[in-house]
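Report on the following structure.
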Amino acid sequence: MRKVSRLSRFNVASLALGLAFLYLPILILVIYSFNASRLVTVWGGWSLRWYHEFFNDRAMIEAAWMSFRVAVSSATIATLLGTLAAVALSRGERFRGRTLFSGMLYAPLVMPEVITGLSLLLLFVALNAERGFWTVTIAHTTLTMCFVAVVVQSRLGSLDRSLEEAAMDLGCDPVRAFLSVTLPLIAPAIVAGWMLAFTLSLDDLVIASFTTGPGSATLPIRIYSEVRLGVKPEINAICTLVIALIAVVIVIASLASKLSSSQGESAAPL
Amino acid sequence: MTDELPKTHAATGAADGDASAAGRPLLRIEGVVKTFGTFRAVDGVSLDIKAGEFFALLGPSGCGKTTLLRMLAGFEAPDEGRILLGDKDIAQALPHERPINMMFQNYALFPHLSVRDNIAFGLKRAGLSRADTATRVAEMVALVKLEGLEKRKPDQLSGGQRQRVALARALARRPQLLLLDEPLAALDKKLRENTQGELMELQRRLGMTFIVVTHDQEEAMTMASRIGVMKSGKLAQVASPRDLYEAPRSRWIAEFVGDVNLFDGETKLRDGHRLVIGTRDAGTLVVAEPREPVGAGRFSIAIRPEKIKLSRRAPVSEAGRETMINSLDGVVADICYLGGTTTYKVKLDTGGIVRASVANSARLDVDAYSVGQQIVAWFTPDDCVVLPS
Amino acid sequence: MSSRRIFARPARFAAIAPYVWMVLFFLVPFAFVLKISLSQTAIAQPPYEPVFALTAGWDALKAAFAALSIENFKLLVSDDIYVFAYVRSLTVALTATTLLLLIGYPIAYGMARLPKSWQAVAMVLVIVPFWTSFLIRIYAWINILQHDGLLNQILLALHLVSQPVVWLSTDSAMYIGIVYSYLPFMILPLYATLAKMEPVLEEAASDLGAPPWQVFWLVTFPLSLPGVGAGVLLCFIPIVGEFVIPDLLAGSNSLMIGQTLWLEFFTNKDWPVASAAAIVLLVVLLVPLLLYERLQKRQLEQGR
């Protein structure tokens, strides 16, 4: 039976307004990053001047590089740990400490960042760890693995469990069954988890501010200190570049997940 | 809120059924068309429903029966045509403005409301007082035998109980017309048979008009007084269950309703009210001329399996009677024991295959046929239905 | 032995690494926050020295316990600045969450009513801005809201105002920023429950005589309450502790608790007070946090 759209005029209007609200500010920001004028509000014609300025700003470039390295390494560790956690929660049935485990995984999702940041800093100080790349990476891993766990767990939960049972029936032990059947099926969720972790890390200001040390600022920390001083066209250019990077990551990841899911459908032999 | 309760009484049915039958029907559907994109889901349907009728819309999935029902309920508006309830065109009226209620497939019970609140939902919308609502709900609960379950939520009920709540909820507003969308599809077989009986009993007692949509022909045959068979958005035939089965109007209907043997052939001879038809698979057959005389040309002959008798030797026409009997020689090819009946597949010497359904009237049948046995399958001309090819 | 049981054993081993990680980097740090919050301010100064030595042994630990005091908490309760900060945080979070619900619900409702193939597109469209950095989104609004920004230019051009309106450093700017940043968090759980809801229930209600607004109010809304709960908690909890948005968009005359904590920590270098503030914030958020956990757990672990 064909479904008729039940869309009323009110529905269309609220959708259109909502999306405009979400996108217009970003669009405006991107457009103004190409503004030749120093005054952010006066249009002086198209120009790449502020991108130039950014690429000559050594401190900014270093911060961007630091952010990128932190994002890649923390997202990778977080994806590994988060996937393991999701498997334990969705396939482990009952085990001792399960409640505490799931509690620790869900809480950071909404925990105010100031609390997470402060508590991690106090730990690092107590351990007398040198603060910089690794402390920020660890902090971001702790936060983002929870997001990965949730994304992967919800995919695992919606998976037909008789697939795993079929694999075992055909002679796989549980671990083999998981690796050969379940893992390929949840691969898109794992990729999405990595992406989420990557952008969350790239995005984070508060936790990084607490856990980093002198001389190793991340990009958000630098942007923040500039923004506090007022609007600068160079910031528009940096923001546009970050948006572009994230857009590329999204496109690549969605292509990858599409590829892996279409391979899955073409029934790869075990 | 100025919603008024539909001004009907439950007794519009049987009592003044005769009067209505003579005059206007309760519901008149006139040339109704509904398209989705380029797909004509309902393609020019006209139909009259009398008050007090139990009407079934039968058809395979995608035939447009559900769309037609949804137009009666008001969830879809027809692109063309009129829907008259009494003398009012309701085609464009919104669902909540119609004195028509529906029992949904899978029931659509509100999961956040108790049994009582589900049944009371429509009554409150109709502006009934608190006391009247309570009385009516109690009445409905008693009617569908749900006493003691009023406070339960739908997910605490069994499938059969949920079905009853859905029925009570739809009946509570005393609609002029009750629509039932696959009302028994979600029940298991045993429960379904009991519920069929209960639905019929309820409909007779309340004298209400029911329109049921179903894909299950047995269900339609059992419950309905009249059946409309739909195919590709059109009404293929509207008839009583008996006529539908014994006098299908087309080859498609003969095959859709029940089991049938079909032979294609050409008229060879016309002999009074008998036609002689030559078929490829079953040789020459003598059949009764259909009610509406047919010209020469190609025909299909339909014979229901239970009309075909089997015996070891060809039957002899009784002395003094001009009964011509079609008898076909063959070999038993397959036997399918079904409990009440046994279906024999007979491979005819002329090449075709007939299926004959024989009632197992004796527990110990020493005379049963076996596979490979030579056999005669026979039937009278009146057992055959001649259909346009 | 069921296949689930067979699976469960190796699956439990998978818990070990993430379990250890979370205990070490999520649970243990709270012990430190608690410890520091109970320390004398002097002990923690200067901030870059270890607060206490883990190697000092049992006696040192006992000495440390003896030195604990609730002075910092007394300060938090007695000083108006902190009390006001908590009250303001809760008020802001409550107001912003209400706004988010009022704005997010119609959008989620519209999404759920789109044809199925469009729903996926709409969902991506709602999520994508969330992927673009938080800070960037706030900065985008500074662009628009500043004295000679786009908003004032439009208002002036339309002759709606005769001179530029001050937007930045006001509560309005802060609310715009919060609503903008948290909108996807409100929309997505709402959309998830609304999309799962069977449209036939709405049809049944209208069949039983309910006009559209009653259909919404008596059926659609009550059935979407789990989504409302998730959305509200997902927004409310982090907004209470929000730092960046009020810092960049609101005025500096009344601070939220996240800002106060930041100020104590980075500017005043008073770690014990900052830690105490964090503990109090955690206590304030304990009930919504537990509610959220239960919801999350039920959502992720049901149907198995």
Side-chain angles (χ1 to χ4, degrees), chain A residues 5-7 11 14-15 18-19 22 25-26 28-29 32 40-41 81 84-85 87-88 91-93 95 101-104 106-108 110 112 114-115 118-120 122-123 125-126 128 138 142 145 153-154 157 165 168 174-175 199 202-203 205-206 220 223-224 227 231 235 239 242-243 246 250, chain C residues 3-4 6-8 10-12 14-15 17-19 21-22 25-30 32-33 36 50-51 106-107 110 113 115 125 129 131-136 139-144 146 148-150 234 237-238 241 243-244 248 258 261-262 274 278 281-282 289 292-293 296-297 300 304:
Chain A
S5 139
R6 303 165 296 131
L7 215 56
N11 293 145
S14 47
L15 268 176
L19 289 177
L22 285 176
I26 297 174
I28 292 165
L29 176 124
Y32 273 102
V40 181
T41 49
L81 291 172
L84 285 174
V87 169
R91 295 292 187 266
E93 306 294 317
F95 54 87
F101 187 46
S102 65
M104 286 190 300
Y106 300 146
V110 288
V114 281
I115 297 182
L118 176 68
S119 64
L120 276 165
L122 296 182
L123 174 80
V125 170
N128 210 0
I138 288 173
T142 310
M145 68 179 272
Q153 196 189 345
S154 77
E165 289 167 1
M168 285 199 276
V175 176
T199 52
L202 208 59
D203 192 20
L205 165 68
V206 176
I223 294 178
Y224 173 71
V227 169
V231 172
I235 304 291
C239 291
V242 172
I243 292 171
I246 289 169
I250 292 177
Chain C
S3 74
R4 304 201 162 183
I6 302 171
F7 240 96
R12 274 174 220 154
Y19 209 128
W21 183 285
M22 286 315 281
F25 294 116
F26 185 73
L27 208 57
V28 171
F30 281 119
F32 284 95
V33 179
I36 307 272
V51 178
I107 300 175
R113 290 194 150 219
L125 284 176
W131 293 88
T132 67
S133 165
F134 185 68
L135 195 56
I136 290 176
Y139 176 69
W141 275 104
I142 297 180
N143 265 329
I144 296 170
Q146 61 186 316
D148 42 4
L150 204 66
L234 213 52
I237 302 171
F243 163 73
V244 182
L248 289 177
L261 197 155
W262 184 280
L281 181 53
L282 208 58
L289 265 172
Y292 169 78
E293 282 224 37
Q296 184 77 16
K297 222 175 185 163
L300 282 174
R304 293 190 307 112

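From a predicted model like this one, the values you see are computed outputs, not experimental measurements. Convention: sequence-line order gives letters A, B, ...; per-chain numbering from 1.
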Heavy-atom contact with chain C under 4.5 Å, split by part of A:M145:
side chain
Is there side-chain contact between C:F32 and A:V125, with heavy atoms separated by less than 4.5 Å?
no
Sort out for me which of A:I115, A:V87, A:V110, A:L205 touches chain C most, counting heavy-atom pairs under 4.5 Å.
A:V110
Please name the pair of heavy atoms, one in C:M22 and one in A:P108, separated by the smallest distance, quoted to 0.1 Å.
CE-CG, 4.0 Å
C:P18 side chain near A:M104 side chain, heavy-atom distance below 4.5 Å
no
Can you tell me which portion of C:L289 sits under 4.5 Å from chain A's heavy atoms? Options are side chain, backbone, both or neither.
side chain
Taking C-beta and beyond as the side chain, do A:I223 and C:Y139 meet within less than 4.5 Å on heavy atoms?
no
Is C:L125 in contact with chain A via its backbone, its side chain, both, or neither, using a 4.5 Å heavy-atom distance?
both
Might you point out which heavy atoms bring C:E293 and A:S102 nearest each other, and give the distance in Å?
OE1-O, 4.1 Å
Under 4.5 Å from any heavy atom of chain C - which part of A:L22
both
Aromatic ring pairing C:Y19/A:F101, orientation class (parallel under 30°, perpendicular over 60°, tilted between):
parallel
Which atoms of C:P10 approach chain A - backbone, side chain, both or neither, heavy atom under 4.5 Å:
side chain
Which bit of A:L19 is near chain C, if near means a heavy-atom gap under 4.5 Å: side chain, backbone, both or neither?
side chain
Where does C:L261 contact chain A at under 4.5 Å (heavy atoms): side chain, backbone, both or neither?
side chain
Could you look at C:L135 and say if it's the side chain, the backbone, both or neither that has a heavy atom under 4.5 Å from chain A?
both
Cut-off 4.5 Å, heavy atoms of chain A, and the answer for C:Y292 is side chain
I'd like to know which of A:I138, A:I243, A:V227, A:I26 tops the heavy-atom pair count under 4.5 Å against chain C.
A:I138
Atom CH2 in C:W141, atom CG in A:L29: separation rounded to 0.5 Å?
12.0 Å
Selection from A:P25, A:P112, A:A85, A:S14 maximising heavy-atom pairs under 4.5 Å formed with chain C:
A:P25
Between chain A and each of C:A274, C:A14, C:G258, C:G241, count heavy-atom pairs under 4.5 Å; write down the option with the most.
C:A14
Atom CD1 of C:I136 and atom CG of A:L202: how far apart are they, to the nearest 0.5 Å?
8.0 Å
To the nearest 0.5 Å, what is the distance between CH2 on C:W21 and CG on A:L84?
12.5 Å
